[in-house]
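One structure is given below, encoded as structure tokens.
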Amino acid sequence: MVPRVISSLVSFVSLLETFFIERRIQMNEREQVIKALQPALTDLSMNEIADKIERPKDSNNGDYAFPTFFLAKTLHKAPQIIAQELLAKIDQTGFEKVVVAGPYINFFLDKQVVGENILKTILADPENYGSQDLGHLANVAIDLSSPNIAKPMGMGHLRSTVIGNAIANILAKVGYNPIRINHLGDWGTQFGKLMAAYEMWGNEEEVQQDPINTLQKYYVKINTEADTHPEYNDLGREWFKNLENGDPEAYRLWKWFRAESLKRFMKIYRLLDIDFDSYNGEAFYNDKMAEIDQLLQDKHLLQESKGAQIVDLEKYNLNPALIKKSDGSSLYITRDLSAALFRKRMYGFAQALYVVGAEQRNHFDQLKAVFSEMGFTWSKQIHYIPFGLMSLNGKKMSTRKGNIVQLEDVLNDSIKLARQQIAEKNPELQNADEVARQVGVGAVIFHDLKNERTNSIDFKLADVVKFEGETGPYVQYAHARAESILRKAGTPDFAQAESLALSGDEAWGILTRLGQYGEVIERAANEYDPSLVGKYALALAKDFNQYYAHTRILVDDDEKMARLALVKAVSEVLKSSLALLGVKAPDEM
RNA sequence: GGGAGGAUAGCUCAACUGGAUAGAGCAUCGGUCUUCUAAACCGAAGGUUGUGGGUUCGAUUCCCACUCUUCUCACCA
């Protein structure tokens, strides 16, 4: 027993060594191409060459390509000729081949060497494959989810929640310290309206039975009736003013509604498996807004207009920011200003992100403009991350009009469907309920993340709970198949293998894809775009499913270990990319 | 009317940020389970990239105009 442990330790250490040496080579395949080109292009700097190198869409054109069009003008020759002439001066050692294809020079990497390096790199430390240190552990405050109290959480809030969470995961992967802040919508005139409605028509017992839906009902009622009774709007404002002034009855109602709502939200967050570092909502800033008011006054930024206090933003080409209503009560932006200031002091963030729907663009433009008027240079660290609206039957979802789809219902439908599929396809599965939850929830999350953030989505249940094609379950399934093979192989010890090189071309697509993981994550982090990771996971799952369908893995030959290493690497990277999106990867399904 | 997004296959979306024959998934039609999980794989069909100009060796991508569409434009959030 002991010698075995020692020997595997030793081989692990040697694997680690090769990891550090070979990681460098692997990271620098592009650089290898640049170096090969340099002797042929002495007039150009490394960066200039690097800018021109591209990756061909079609693998028949190699792994990297160098187009020569841009040289035609200065050299007064046809690009095709230039390519031919350059080829003669290129150092081809280390490549499988370098060929000219019209105006392009195509580089083919040494598949066995590069492929083996990639596999070794991943297997040496699967958890950290793709990790980077771009952030040096700087804090990033992320405002996400932020549902409104006393309203059911709709599909719209799902977007903020899962996009924000995925961005937080991705930023953590590249070395930042994300701080997830759930800026609950627990303040504002809407609350006043709810209280007014409760006072008029409310029934304590009815609320106790089903808090959210009942409160929602009152809220819809007062909004509907306000069309014919405009005085209800004034009543709402009055109740909100009472709340801000500390009226005991208003405060009692507020506290009660908030507690009931939070209970319900937590259920959903547990299902999604998302935690927050702070639940400080708008109400939290009630006693902190005076400072903003004072600062604005000190800097002579406040102006009176129609009895209200505003900051003029004409030079930003924005409409004025309304800081204080004519009755003296606060507004959304007032609370957001003090929230941002609080976060800057509390966390010393390097960036502050706001994952909020695209319809609020104007609000965040104003927010940043007011801060820059105040002379806070860190307003540049505030990044608004809008996402497209979710509509229902082509119409905007509106809590006021009751035209919403409840997230909880969708999640439950999806889980139920997953459970049915398991009963059909894999009735022997042990922890079927748990897996159904992972698959059902995974489908919903993935559906929301696979496309570009800013696309607007018209909600269709059938699309969300689809498990075939480009979906979360498709990726989970590829992962489960890979794990199944590894179980059958008896969890092989790759450290013992002499070679993980694969001859033949079948696996090359997978290997290059695996090698791109780090770049994809980096780009996703820079662009705050989880869909890049989602698309990557789909592509890798597809590569693997194709390989799986055409290649027998568990046959005893010289390359069995190498194939298994490939399967293991795919499994790890699929699991890792799903994890970044907040989706689980069950080993069986 | 001002501002900001968007328009690519019947539908939902991609396209490495200006490169090689614009690609996937659904849906449709056809094929593949006594072999590692068919939630899979293979094939067929599907396009004047909203319209018109411009820049460029080269445009879905950049610029201009227009059409359509979504959001937004002070006492909601």
Side-chain angles (χ1 to χ4, degrees), chain A residues 52 54-58 60-61 65 67 69-70 72-73 78-79 101-104 106 146 148 185 187-191 193 233 236-237 240 282 305-310 317-327 329 331-333 335-336 356-363 365-366 386 388-389 391 396 399-400 418 421-422 424-426 429 439 443 450-452 454-458 460 462-463 466-471 473-474 476-478 480-489 516 519-520 523 531-532 535 538-539 541-542 545-546 548-555 567 588-589:
Chain A
K52 294 290 172 189
E54 52 193 63
R55 233 198 298 268
K57 291 181 209 159
D58 186 345
N60 290 322
N61 290 326
F69 303 102
F70 74 104
K73 202 170 266 177
Y104 289 91
N106 292 334
S146 313
N148 293 320
W187 211 243
T189 305
Q190 46 157 359
F191 249 91
K193 273 192 183 175
N233 288 326
R237 281 192 275 268
F240 175 55
E282 295 185 57
S305 170
K306 298 174 194 165
Q309 296 292 317
I310 63 158
N317 197 23
L318 292 166
N319 42 314
L322 189 53
I323 303 292
K324 209 189 267 184
K325 293 195 271 194
S326 42
D327 70 2
S329 63
L331 279 144
Y332 186 46
I333 194 162
R335 299 188 283 277
D336 254 356
V356 180
E359 74 276 16
Q360 293 194 31
R361 169 150 252 141
N362 192 50
H363 166 75
D365 285 346
Q366 288 183 325
L389 243 65
S391 57
K396 190 179 168 182
T399 345
R400 278 199 309 268
Q421 299 246 353
I422 290 168
E424 272 172 47
K425 296 167 200 276
N426 195 356
L429 188 63
V439 173
K450 75 172 171 186
N451 287 322
E452 212 178 311
T454 49
N455 292 353
S456 23
I457 300 180
D458 192 48
K460 287 198 185 63
D463 286 349
K466 194 182 290 170
F467 298 165
E468 282 146 35
E470 295 174 328
T471 64
Y474 177 90
Q476 290 173 319
Y477 184 61
R481 283 175 132 186
E483 281 301 313
S484 173
I485 290 177
L486 293 167
R487 274 196 304 278
K488 289 217 160 66
Q516 289 161 17
E519 302 171 26
V520 170
R523 210 181 131 201
S531 79
L532 295 172
K535 283 180 198 120
L538 278 174
K542 182 164 193 169
N545 275 331
Q546 286 172 340
Y548 181 96
H550 299 294
T551 311
R552 296 282 307 163
I553 293 153
L554 291 175
V555 283
V567 172
E588 285 182 77
M589 63 185 272

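In what follows, chains are A, B, ... by sequence order, proteins preceding strands, each numbered from 1.
Checking B:A39, B:A20, B:C26 against the side-chain heavy atoms of A:Q421 singles out B:A39 as nearest. When distances are taken from the side chain of A:A65 to each of B:C16, B:A20, B:C75, the shortest belongs to B:A20. In this structure, of B:C73, B:U37, B:G19, it is B:U37 that holds the atom nearest to the side chain of A:I485. Minimum atom distance to the side chain of A:E452 is reached by B:A15, of the listed B:C76, B:C41, B:A15. Here the side chain of A:K73 is nearest to one of B:C42, B:A77, B:C57, namely B:C57. Comparing B:C73, B:A40, B:C75 by their nearest atom to the side chain of A:A308 picks out B:C75.
Side-chain nitrogen and oxygen atoms of A:Q516 include none within less than 4.0 Å of the OP1 or OP2 phosphate oxygen of B:C16. Phosphate contact (OP1/OP2 of B:G25, side-chain N/O of A:K542, threshold under 4.0 Å): present. Side-chain nitrogen and oxygen atoms of A:S326 include none within less than 4.0 Å of the OP1 or OP2 phosphate oxygen of B:C75. An OP1 or OP2 oxygen of B:A77 is reached within less than 4.0 angstrom by a side-chain nitrogen or oxygen of A:R335. For A:R55 and B:G19, the shortest distance from a side-chain N or O to OP1 or OP2 is not below 4.0 Å. Put simply, A:Y477 has a side-chain N or O that comes within less than 4.0 Å of OP1 or OP2 on B:A39. For A:K425 and B:A39, the shortest distance from a side-chain N or O to OP1 or OP2 is below 4.0 Å. Applying the 4.0 Å criterion to OP1 and OP2 of B:A38, one finds that A:R481 has a side-chain N or O inside that range. Between A:K535 and B:C16 there is no side-chain N or O to OP1 or OP2 distance below 4.0 Å. When the side-chain nitrogen and oxygen atoms of A:K488 are compared with OP1 and OP2 of B:U37, one or more of them lie within a distance under 4.0 Å.
As judged by a 4.0 angstrom heavy-atom cut-off over every strand, A:R237 is placed among residues touching the sugar-phosphate backbone only. Counting any heavy atom pair closer than 4.0 Å across all strands shown, A:G185 reaches no nucleic acid atom. Nucleic acid contact class of A:Q476 (heavy atoms, under 4.0 Å, all strands): none. Using a 4.0 Å heavy-atom cutoff across all strands shown, A:A72 reaches no nucleic acid atom at all. When heavy atoms are screened at a 4.0 angstrom cut-off, A:P56 is found touching base atoms of the nucleic acid. Residue-level contact check: A:Y548 touches the bases, meaning some heavy atom is under 4.0 Å from a base atom. Residue contacts shown for A:I333 are absent, as no nucleic acid heavy atom lies under 4.0 Å away. Contact annotation for A:A480: base contact, defined as any heavy-atom pair under 4.0 Å involving a base atom. Within the 4.0 angstrom heavy-atom criterion, base atoms lie near A:V439. If you check every strand for non-hydrogen atoms under 4.0 Å, A:N455 touches sugar and phosphate atoms only. Within 4.0 Å (heavy atoms only), A:I553 reaches at least one base atom of the nucleic acid. Here A:T551 lies in heavy-atom contact (under 4.0 Å) with a base.
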A:S531/A:N451 under side chain to side chain donor-acceptor pair (under 3.5 Å): CA gap, chis, key distance, verdict: CA-CA 5 Å; A:S531 79; A:N451 287 322; over 6 Å; no
Residue pair A:T189, A:K325: steps toward the side-chain contact (heavy atoms from CB on, under 4.5 Å) verdict: CA-CA 11 Å; A:T189 305; A:K325 293 195 271 194; 2.7 Å; yes
Yes or no on side-chain contact (heavy atoms from CB on, under 4.5 Å) for A:L318 and A:N362, after CA distance, side-chain angles and deciding distance? CA-CA 8 Å; A:L318 292 166; A:N362 192 50; 3.8 Å; yes
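Rounded to whole angstrom, the span from the CG atom of A:L318 across to the P atom of B:A74 amounts to 13 Å. A:D365 has its CG atom 11 Å from the C1' atom of B:U72, to the nearest Å.
In this structure, B:G25 forms a base pair with B:C11, meeting either the Watson-Crick or the G-U wobble geometry with both donor-acceptor distances under 3.5 Å. The pairing partner recorded for B:C68 is B:G6, the criterion being a Watson-Crick or G-U wobble arrangement whose two distances lie under 3.5 angstrom. Using N1 to N3 plus N6-O4 or O6-N4 for Watson-Crick, or N1-O2 and O6-N3 for G-U wobble, each under 3.5 Å, B:C36 pairs with nothing. B:G46 is unpaired under the criterion used here, namely a Watson-Crick or G-U wobble arrangement in which both key atom distances are under 3.5 Å. Nucleotide B:G19 has B:C57 as its partner under the Watson-Crick or G-U criteria, with both atom distances under 3.5 Å. Both distances falling under 3.5 Å, in either a Watson-Crick or a G-U wobble arrangement, place B:G1 opposite B:C73.
Comparing A:Y474 and A:K324 by the nucleotide of RNA chain B whose heavy atom lies nearest to each, the residue mapping closer to the 5' end is A:Y474. Annotation: of the two residues near RNA chain B, A:K396 and A:N61, the 5′-most nearest-nucleotide partner is A:N61.
Side-chain contact between A:N233 and A:K193 is present, with at least one heavy-atom pair separated by less than 4.5 Å.
Looking only at distances, no side-chain donor or acceptor of A:E588 sits under 3.5 Å from a matching main-chain atom of A:S484. With A:T471 contributing its side chain and A:Y474 its backbone, the two residues share a donor-acceptor pair below 3.5 Å.
Residue-to-nucleotide contacts include a donor-acceptor pair under 3.5 Å from the side chain of A:S305 to the base of B:A74. Side-chain to base pairing of A:N106 with B:A20: one donor and one acceptor N or O lie within less than 3.5 Å of each other. At a cut-off of 3.5 angstrom, counting only N and O atoms as typed in the model, there is no donor on one side facing an acceptor on the other between the side-chain of A:T189 and the base of B:C76.
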